[in-house]
Structure formats: structure tokens, C-alpha cells
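Note on naming: letters A, B, ... go to the chains in the order of the sequence lines (proteins, then strands), and numbering restarts at 1 for each one. Keep in mind that the numbers below use all heavy atoms, side chains included, and drop hydrogens, waters and symmetry copies.
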Amino acid sequence: MIARLVPYFLVAPALLLIAVLLTGLSSVLGWSFQSSAGDGAAGLVQYANLATNESYRHFFTYSLWLAAISTFVALLLGFPVAYYMEINASPSQRKWIFAGLLAMFLSDYVLKMFGLILILGRSGLVNRLAMWLGVTDAPFKLMYNEFGVLVGLVSGILPYMILSLNGVIARLDKRLHEAASVLGAPPWRIFLLITLPLCVPGILAGTMLSFLLSLNSFVTPMLLGGGRVDMIAVLIFDQAINLANLPLGSAAAGVLFLISGAVILLLNGLGDRYQKRFQR
Amino acid sequence: MSKSSGFSVLQALTFAVLLFMALPNLIILAVSFNPEATLAFPPTGISLDWYLNVFRTPSFAAGLQQSVFLASISSAVSLVFGVLAALAIVRFRFFGRQAINALVMAPLFVPEVVMGIAMLLWANAVTAISNTTTLVILHCLIVLPYVVRLVVANLQGIDPNLESAAMLLGARPMQAFLRITMPIIGKGLLGAAVFAVVMSFHNFTATMFLVGSRPTLPVAAYQYIRTENDPTVAALSTMMMLAGILAVYLMERWIGLERLVR
């Protein structure tokens with residue numbers, strides 16, 4: 001009898017930790033039904049506020065838009081890198097690229113954004129170069145706006161995207177390409193009809209990870225957007241910490257949690273259906 | 001299209017993207033040696049003043065202390081909790097195993113801001129708890145899923161018959177685990193510990209909700225970037241990059257880099 005309880009004793013400490021998180025999440029839910037004035041329960045007032053107030057709504061639509069664009073750009077930029085490192089690179093080249101990617105994956109996000117400030121700022125690398133070359137007299141405005149945030153988001157998610165793609169690319173069966181090529185298919189057809197479909201699971205995984213990371217990004221809009229670019233995490237932090245409006249912050253967190261969950265379910269579902277179709 | 005031209009376009013693209021990813025780090029490295037108090041590039045000379053200034057900046061010293069404290073406590077705690085949970089998940093078949101496995105991985109799916117506000121509200125409700133304790137719990141939650149995943153992968157790689165053989169020869173279960181299994185997964189555990197330390201050390205967004213008056217090192221760097229305009233943070237970044245390279249090297253030796261992302 002006691003022997004059957006052993007696994008439960010083993011997982012108990014970890015579950016205790018998880019229980020703290022679940023308690024916290026349920027208080028987020030609880031707070032989101034309070035009124036901002038602090039005079040008790042107020043039903044869905046906060047959610048209605050988020051849905052009807054134009055400026056709050058913009059935080060959500062704009063974050064989704066920025067996350068979508070940055071994920072798409074990261075996919076376009078990341079695919080060639082993943083393809084090159086798995087197919088064309090020599091083993092030692094591959095190892096170096098891999099170590100470099102991992103170093104970036106593990107490097108500090110705040111400091112990476114600081115590096116981008118040095119590149120995009122008024123007297124940063126790009127503007128210095130442009131003025132030296134005589135392209136422009138006045139410095140370009142490359143940060144504290146949408147462009148700066150997009151560059152920051154793409155740079156932040158690229159390592160995740162590449163590391164999600166290289167797994168599926170490494171497993172590509174080269175004989176399929178050879179067969180198609182022997183049968184006379186041009187390279188672009190081989191890419192579109194063989195390589196790309198086989199990579200879909202990795203593309204979906206990378207897209208999910210990148211989209212969620214961009215959507216939840218806080219450091220990038222604060223440092224490269226100067227706090228002036230509307231992203232959800234900034235709204236939640238402002239409401240919860242700076243304005244001490246916990247009910248509205250909690251409601252926004254609740255909505256973000258739901259959106260993230262929906263994205264995970266949607267992309268996982270797509271992946272499962274795709275796998276089933278091809279595993280007959 | 002000839003094969004060689006396709007190859008070189010791909011190669012050029014790859015190196016352009018890799019350069020884009022590495023450029024922020026390279027610029028930081030260059031600016032950190034700038035003798036002037038500006039963040040301009042290119043630097044006008046070479047100086048190590050800003051490196052000394054890192055140590056003279058009180059918020060960095062305090063931040064480093066807080067970050068090291070959080071990272072060591074939370075990775076030690078989550079390593080112990082994680083190894084126990086991983087043992088249950090790999091070695092036992094019990095009711096609710098799948099659900100428990102999913103629960104332990106749950107923090108990975110909670111957005112960081114949501115995690116931050118959740119822990120803030122939890123700490124408000126509990127009242128008699130210090131900020132630092134809440135931060136330790138938060139960091140444990142953040143690293144736990146990674147630790148469990150790495151240790152599970154490690155445990156699945158070894159033959160349970162080895163332990164059975166030891167017990168058949170008279171070892172007690174605890175003895176068999178400590179003398180047989182632990183030495184085999186030891187390196188994997190070290191790797192997981194380094195990974196946990198790195199994840200805890202760099203956590204920013206969720207931590208930001210709870211720091212109060214005792215910022216961690218990334219938060220101190222963030223506050224410095226927003227208010228000051230000299231290369232001290234560049235010097236700090238360079239030192240952290242060196243530490244990061246060391247961490248990658250240790251993980252390559254102890255768990256293998258491929259294991260980390262699969």
C-alpha cells in the first residue's frame with residue numbers, strides 16, 4: 001500500500017510549487033471581476049471596459065499585428081539559416097552556428113535590446129554610416145517607433161525560430177529530392193512540393209513559439225518603443241504597477257492568457273491534423 | 001538554375017542573418033572600450049574605465065548579489081523538486097501520471113506578464129511573505145519545467161535493470177539510486193543546473209512585477225539604460241556575454257547542446 005504512494009510523495013514538492021501558481025492565477029481571475037474603485041464585485045465591467053475603450057482595444061489588436069509581422073519576418077529570415085546549417089554546412093560549420101545560436105538563445109534579452117539601441121539610435125551605427133556615406137543629412141528615426149520594435153521582436157525570436165526549424169530540416173529524406181530531380185522537377189518545384197510540406201510541423205512549432213514570445217514581449221516595447229508603442233504587456237504592467245489598477249490589469253492579463261491558450265490550441269490542432277493526413 | 005549559384009545565395013543570406021543576430025553583441029563589445037562618456041560608434045580610442053565603473057556602480061553590485069542569490073537558491077530547489085518529480089514520472093506507472101506531467105510543464109504555457117501579476121497578487125493575499133521569498137518561488141516555477149524535461153530525458157536514457165541488479169546484490173533502494181543512477185545522470189544534472197541558473201539569472205519580465213526596491217542585475221541594467229547614457233552597461237554586457245559563453249561551453253560538455261533544444 002505504502003509502495004503505491006511513493007510516486008505521489010516524489011511529485012508532491014513540485015506540485016506544491018505549481019499549486020502556488022494556480023492560486024495566483026485564480027486570484028488574477030478573481031481580481032478581474034472587481035471594480036476599479038475597490039468597492040467590491042463588479043461582474044464583467046473590466047472586460048467590457050477593455051472591449052469598448054478604443055485605446056485599450058488598440059493595445060490588443062496592435063500587439064497581435066506586431067506579433068504576426070515579426071513571426072512572418074523571422075520565418076522568412078530563419079528558414080534559409082536552418083536550411084543552410086542542416087543541408088549545406090560542413091559538420092564543424094554546423095557546430096559553430098549551433099553554438100552561436102544557443103549563446104544567443106541564452107544571452108540576456110535586456111542587453112540584446114541595448115545592443116540594438118546602439119545600432120538604431122540617433123547617433124547609432126546605422127545613422128553614423130548613412131551620414132558618413134552622405135545618404136542623409138538628418139538622422140533617420142529608427143527607434144521609439146514601430147520599426148524599432150519590429151526589429152527588436154524579430155531579433156529576439158530568430159534563435160527560437162531557427163532552432164524549431166532545424167529539427168525537421170535535418171530529418172528531410174534526401175532521396176525524395178533526388179527522385180524528384182531525376183524525374184525532371186525544377187528546383188523551385190522540389191522546394192514547394194517536397195521540402196516545404198515536409199517542414200510544416202517545424203514551421204508550426206516555430207510560429208507558435210515566436211508568435212507567443214512576440215505577443216508577450218515587454219522589454220522590446222519599453223526599450224525600443226520608448227514605452228510609446230502599444231503592447232499588451234506594457235498595458236498590464238502600467239495598470240498593475242504604475243497606476244495600481246489591479247482589476248483592469250488582471251482583466252487584461254486574463255484576456256492575454258486566453259489569447260495565448262487559443263493560439264497554442266489552434267496551432268497544435270493544425271499540426272495534429274497535418275500529421276494525421278500524411279501518416280496513413 | 002545551376003547548383004552553385006543557389007548555394008552561394010543561400011550562403012550569403014545565412015551569413016547576413018547571422019550577422020544581424022550577432023551585430024548587437026559586437027557593437028556592445030566595441031562601445032565598452034570607448035574612452036568617452038557617449039554610446040557613439042565607432043569609439044575614439046581604447047579604455048577600460050567603464051569596466052571599473054561597473055564595480056563602482058552600487059546598483060550593479062546590489063543587483064548582482066540579488067541575482068546570484070535568486071539563481072542559486074531557485075536552481076537548487078527546483079533541481080531537487082525536479083529530480084524527484086522526474087523519477088516518479090519515468091520510473092513509476094501511477095494514476096494521474098499524465099496529468100501531473102502536464103501540470104509540471106504548465107509554467108511554460110503561462111505568459112510571463114501573467115505569471116508576474118499572478119505572483120504579485122498571491123504575495124498580496126499571503127501578506128506575511130517577503131518580496132525575496134516570492135521572487136524565489138517565482139524563479140523556481142520558471143525553471144522547474146526545464147529541469148524536469150532535461151532530467152526526464154536523462155533518466156529515460158539509462159537502463160533500470162542496473163538498479164535492479166544492485167538491489168538483487170543486496171543494496172537498499174536509496175543506496176542503489178545514489179550509487180548507481182546518480183553517477184550516471186550526474187553530468188546531466190550539472191547541465192540542468194547550469195541551464196536553470198541561466199534562465200533564472202536572465203528572467204526579466206515576470207521579475208519586474210516583484211522587484212520592489214531590490215532590483216536584480218537585468219533590472220538594474222534596464223533602469224540604467226533608461227536613465228544614463230554612458231558605456232557602463234556595455235562593459236557590464238561584455239562581462240555577462242563572457243559568462244554566457246562559459247555557460248554554453250559547460251552545457252556542451254555536460255549535456256550536449258542538441259539535447260537542450262529537443
Side-chain angles (χ1 to χ4, degrees), chain A residues 6-8 10-11 13-15 17-18 20-21 23-25 27-28 31 77 80-81 83-84 88 97-100 102-104 106-112 114-116 118-119 121 123-125 128 155 158 163 167 187 216 218-219 223 233 236-237 240-241 246 249-250 253 256-257 260 264, chain B residues 1 6-7 10-11 13-14 17-18 21 23-25 27-28 31 39-41 81-82 84-85 87-88 92 94 100 103-104 106-107 109 111-114 117-122 125 137 140-141 144 198 202 204-205 209 218 221-222 225 233 237 240-241 244-245 247-248 252 257 260-262:
Chain A
V6 168
Y8 296 102
L10 292 175
V11 292
L15 286 185
L17 211 53
I18 300 292
V20 172
L21 178 65
T23 317
L25 289 175
S27 18
V28 173
W31 271 95
L77 294 180
V81 177
Y83 193 85
Y84 178 82
N88 302 79
I97 298 178
F98 198 86
L102 220 75
M104 273 176 249
L106 295 171
S107 69
D108 196 275
Y109 201 81
V110 174
L111 301 179
K112 185 187 279 184
F114 172 66
L116 285 173
L118 300 183
I119 294 173
S123 55
L125 178 68
R128 283 287 168 112
S155 150
L158 257 174
L163 291 172
N216 297 322
F218 174 72
V219 185
L223 285 179
I236 296 174
F237 187 78
I241 304 291
L246 286 172
S250 296
L256 177 61
F257 193 54
S260 304
I264 294 172
Chain B
M1 193 173 87
F7 179 77
L10 182 64
Q11 195 169 30
L13 248 172
T14 301
V17 174
L18 290 176
M21 290 169 70
L23 200 57
N25 298 323
I27 298 286
I28 286 175
V31 167
L39 292 172
F41 185 86
F81 288 11
L84 295 177
L87 267 176
F92 294 86
F94 55 98
I100 285 172
L103 266 179
V104 174
F109 300 99
E112 261 199 60
V113 259
V114 178
I117 194 170
M119 291 306 293
L120 178 75
L121 294 177
W122 181 80
I137 298 173
C140 286
L141 277 167
L144 182 72
V198 172
H202 289 330
F204 181 84
T205 305
F209 279 82
Y222 168 85
I225 293 168
V233 172
S237 311
M240 285 176 71
M241 273 189 258
I245 291 170
V248 170
E252 157 70 9
L257 295 182
L260 216 56
V261 288
R262 296 284 135 73

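No side-chain heavy atom of A/Pro80 sits less than 4.5 Å from a side-chain heavy atom of B/Val17. Between B/Pro24 and A/Leu118, every side-chain heavy-atom pair lies at or beyond the 4.5 Å cut-off. Under the 4.5 Å side-chain criterion, counting only non-hydrogen atoms from C-beta, B/Leu144 is in contact with A/Ile18. Within the 4.5 Å cutoff, the side chain of B/Asn25 has heavy atoms near those of the A/Met104 side chain. Residues B/Ile117 and A/Trp31 form no side-chain contact, since every pair of their non-hydrogen atoms from C-beta on lies 4.5 Å or further apart. Here the side chains of A/Leu111 and B/Val233 are in contact, with some heavy-atom distance below 4.5 Å. Contact of the A/Lys112 side chain with the B/Ile28 side chain is not registered, since no non-hydrogen atoms from C-beta on lie closer than 4.5 Å. Within the 4.5 Å cutoff, the side chain of B/Ile225 has heavy atoms near those of the A/Leu223 side chain.
Interface check for chain A: of the options B/Met21, B/Glu252, B/Met119, the most heavy-atom pairs under 4.5 Å are formed by B/Met21. The choice from B/Val104, B/Val114, B/Leu13 that makes the most heavy-atom pairs within less than 4.5 Å of chain A is B/Val114. Put simply, of A/Val20, A/Leu256, A/Ile264, A/Leu158, the one with the most heavy-atom pairs under 4.5 Å next to chain B is A/Val20. When each of B/Gly244, B/Gly82, B/Ser237, B/Cys140 is checked for heavy-atom pairs under 4.5 Å with chain A, B/Ser237 comes out on top. Ranking B/Leu121, B/Val248, B/Val113 against chain A, the residue ahead of the rest is B/Leu121, based on heavy-atom pairs under 4.5 Å. Taking A/Ile97, A/Leu21, A/Thr23 one by one and counting their heavy-atom pairs under 4.5 Å with chain B, the maximum is reached by A/Leu21.
Interface residue A/Ser155: backbone and side-chain heavy atoms are both found under 4.5 Å from chain B. Looking at A/Ile241, only its side chain comes within 4.5 Å of chain B, counting heavy atoms on both sides. B/Val198 touches chain A through its side chain: at least one heavy atom from C-beta onward sits under 4.5 Å away, while N, CA, C and O do not. If you measure heavy-atom distances from B/Phe204 to chain A, the contacts under 4.5 Å come from the side chain alone. With a 4.5 angstrom heavy-atom cutoff, A/Leu17 touches chain B via backbone and side-chain atoms both. Residue B/Met240 touches chain A through its side chain alone, counting heavy-atom pairs closer than 4.5 Å. Neither the backbone nor the side chain of A/Tyr109 comes within less than 4.5 Å of any heavy atom in chain B. With a threshold of 4.5 angstrom between heavy atoms, B/Phe81 approaches chain A through its backbone and through its side chain. Both the backbone and the side chain of B/Leu23 come within less than 4.5 Å of a heavy atom in chain A. Proximity to chain A (any heavy atom under 4.5 Å) is shown, for B/Leu141, by both the backbone and the side chain.
Residues A/Phe257 and B/Phe109 share a closest heavy-atom pair of CE1-O, 4.2 Å. The two atoms that bring B/Ala88 and A/Pro7 nearest to each other are CB-O, 3.6 Å, heavy atoms only. Between A/Val28 and B/Ala118, the closest heavy-atom pair is CG2-CA, 3.5 Å.
With values rounded to the nearest 0.5 angstrom, A/Leu102 atom CG is found 12.0 Å from B/Ile245 atom CD1. Going from atom CE of B/Met241 over to atom CG of A/Asp108 covers 10.5 Å, rounded to the nearest 0.5 Å. Residue B/Trp122 holds its CH2 atom at 10.0 Å from OG of A/Ser27, rounded to the nearest 0.5 Å. Rounded to the nearest 0.5 angstrom, A/Phe218 CZ and B/Phe209 CZ are separated by 6.5 Å. Annotation: the span from A/Ile236 atom CD1 to B/Glu112 atom CD amounts to 12.0 Å, rounded to 0.5 Å.
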TODO: Before giving the answer on side chain to side chain contact (heavy atoms under 4.5 Å, CB included), spell out for B/Leu10 and A/Asn88 the whole-Å C-alpha distance, their side-chain angles and the decisive distance to 0.1 Å.
DONE: CA-CA 9 Å; B/Leu10 182 64; A/Asn88 302 79; 3.3 Å; yes
